[in-house]
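These numbers come from a predicted model, not from an experiment. Position 1 is the first residue of the sequence, and the numbers go up from there.
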Amino acid sequence: MEQRHLGRTGLRVSRIGLGTLTWGRDTDEHDAADMLKAFWEAGGTLVDTADVYGDGEAEYLLGQLIDGLVPRRDLVISTKAGSVPDPDRRYDGSRGHLLAALDASLARLGTDHVDLWHVHAYDPATPLEETLQALDLAVSSGRARYAGVSNFCGWQLAKAATWQLAAPGARTRLAGTQVEYSLLQRGVEREVLPAALDLGVGLLPSSPLGRGVLTGKYRHTTPADSRGASEHLAPFVEPYLDDTATRIVDAVTTAADGLAVTPLQVALAWVRDRPGVAAPIVGARNAQQLTAALSVEALSLPDEICRALDDVSAPVHRYPDHDWSTL
């Protein structure tokens, strides 16, 4: 699998990442082992997790599989901290919480460092410089090799990345930002993507298949074994089952038929090759689904297909996102 630099750093990652959102909950140890081995054998390196996935079980399960199944040195392990199970405060970006969460993640993962550590979301109740200092301390202590953010909007990302660049050598530049990005969710193109490109931050798209909708599986019904039929994940899928999404999925399916490939491959290739994207994170439930996603490696979409998909999925960007003189 092709490797790409993450932002303007020396860190190289496989251009498809393996997500572990369902590990320890919907994905058991056997399926997780099959997926990790298949991913590694295909040349995949980037494995993404978080301290809240499965209430820590995803990290623990990954830790159990490292070395015994796949050499630790062959993986780029990325995890996140900052989300908390508190209805009154969903995110805690305080230095104390973040560093304690990192130590707990390392214990579950059974490793002395992670390759990439993200702040899971912006915390308006904590000064941003305090949150970012936790990243600096994690890197300077060797507990994390690189650092990034997740789910930051455009101004938040720009402020954080600029703050880190203001004291080179003393602060750790942001390597990556993880945000949802797909043909069904192109909101990052308003400000996040331009900020990332300008400041040298690599984009790691989550839900690159539109929460599974872009595979076409929901075109006529909701499969009983799908996330859309799952009690705890159905609300996650439902926003992408509207008429707009249907029109985009139909276009993806038409493109796939014309190229003799699958809608999954078309949708994944589109986001993988967008400007600024380092590696979409694919959250498969089993090895069969993952193998289908990994088969996209040999596919590059023709320019005319990309233009057609761009047109049918184009978000509405008006002032001040576009040059005012063109409006």
Side-chain angles (χ1 to χ4, degrees), residues 1-2 14-19 21-22 26-27 31 35 38-39 42 44 48 179-189 203-230 233-275 277-315:
M1 190 183 302
E2 182 181 319
S14 54
R15 64 175 181 168
I16 296 293
L18 173 62
L21 173 65
T22 62
D26 301 320
T27 300
D31 283 335
M35 282 194 287
F39 183 66
D48 179 75
V179 285
E180 185 171 352
Y181 188 22
S182 73
L183 279 162
L184 296 184
Q185 179 52 270
R186 295 177 61 183
V188 298
E189 294 176 7
L203 209 66
L204 298 169
S206 59
S207 297
L209 297 175
R211 308 181 183 184
V213 175
L214 286 166
T215 64
K217 70 171 70 176
Y218 299 103
R219 291 185 78 198
H220 306 296
T221 186
T222 299
D225 63 346
S226 68
R227 293 179 180 179
S230 165
L233 287 176
F236 182 64
V237 176
E238 192 275 332
Y240 291 163
L241 298 178
D242 60 8
D243 292 341
T244 298
T246 297
R247 185 171 65 253
I248 296 170
V249 172
D250 286 345
V252 170
T253 302
T254 299
D257 290 343
L259 296 171
V261 296
T262 65
L264 179 154
Q265 290 172 307
V266 169
L268 190 54
W270 180 89
V271 70
R272 180 199 65 196
D273 295 333
R274 297 295 286 177
V277 169
I281 308 298
V282 176
R285 286 187 295 109
N286 53 52
Q288 183 179 7
Q289 286 187 351
L290 179 62
T291 299
L294 296 177
S295 68
V296 77
E297 179 65 18
L299 176 64
S300 293
L301 297 179
D303 290 343
E304 60 270 24
I305 295 292
C306 289
R307 287 194 294 269
L309 294 175
D310 290 351
D311 289 344
V312 75
S313 65

Inset, instruction - Keeping to residues at least two apart or across chains, list the salt bridge (charged side-chain N to carboxylate O under 4.0 Å, His left out) pairs with something in residues 262-271. - result: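 Residue pairs passing salt bridge (charged side-chain N to carboxylate O under 4.0 Å, His left out), neighbours aside: none found.
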Inset, instruction - May I have all residue pairs that pass salt bridge (charged side-chain N to carboxylate O under 4.0 Å, His left out) and include part of residues 249-270, sequence neighbours excluded? - result: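 Found R219-D250.
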Inset, instruction - Report yes if the side chains of V282 and Q289 come closer than 4.5 Å at any heavy-atom pair, otherwise no. - result: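 With C-beta onward as the side chain, the pair stays apart.
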Legend entry - Check: P263 and V249 side chains under 4.5 Å, non-hydrogen atoms: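 Not touching, per the 4.5 Å side-chain cut-off.
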My understanding is that only residues two or more places apart in sequence, or in another chain, count here; which of them pass side chain to side chain contact (heavy atoms under 4.5 Å, CB included) with [X]?
X	result
E2	R4, R15, E297
S295	Q265
S182	L184, Q185, L214
A38	none

Legend entry - Pairwise distance CG(L290) to CG(D31) - rounded to 0.5 angstrom: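 Rounded to the nearest 0.5 Å, the CG-CG separation comes out at 11.0 Å.
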Legend entry - Gap separating the CZ atom of R247 from the CG atom of D242, nearest 0.5 angstrom: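 With rounding to 0.5 Å, CZ (R247) is 9.0 Å from CG (D242).
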Inset, instruction - Pick out which of V271, V252, L209 makes a side chain to side chain contact (heavy atoms under 4.5 Å, CB included) with L183. - result: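 Going through the options one by one, the only one that passes is V252.
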Inset, instruction - Taking side-chain hydrogen bond (donor to acceptor under 3.5 Å, both in side chains) as the test, write out the residues that go with S206, two or more places apart. - result: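 Partners of S206 under the side-chain hydrogen bond (donor to acceptor under 3.5 Å, both in side chains) test: none.
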Inset, instruction - Check side-chain hydrogen bond (donor to acceptor under 3.5 Å, both in side chains) between T27 and all other residues, then give those that pass, not counting sequence neighbours. - result: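 By the side-chain hydrogen bond (donor to acceptor under 3.5 Å, both in side chains) rule, T27 matches T22.
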Can you name the closest pair of heavy atoms from [X] and [Y] and give their distance?
X	Y	value
T215	G212	OG1-O, 2.7 Å
F39	M1	CE1-CE, 4.4 Å
R186	S313	NH1-OG, 2.7 Å
A293	L264	CA-CD2, 3.6 Å
A279	S14	CB-O, 3.1 Å
V213	Y240	CG1-O, 3.4 Å

Pair up each side-chain donor or acceptor in residues 298-310 with any protein partner under 3.5 Å, not counting sequence neighbours, and list the distances.
{"from": "D310", "atom 1": "OD1", "to": "W270", "atom 2": "NE1", "distance (Å)": "2.8"}
{"from": "D310", "atom 1": "OD1", "to": "R274", "atom 2": "NH1", "distance (Å)": "3.1"}
{"from": "D310", "atom 1": "OD2", "to": "R274", "atom 2": "NH1", "distance (Å)": "3.4"}

Legend entry - D311 atom CG, over 12 foreign heavy atoms within 6.0 Å: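 Atom CG in D311 is crowded, with more than 12 foreign heavy atoms closer than 6.0 Å.
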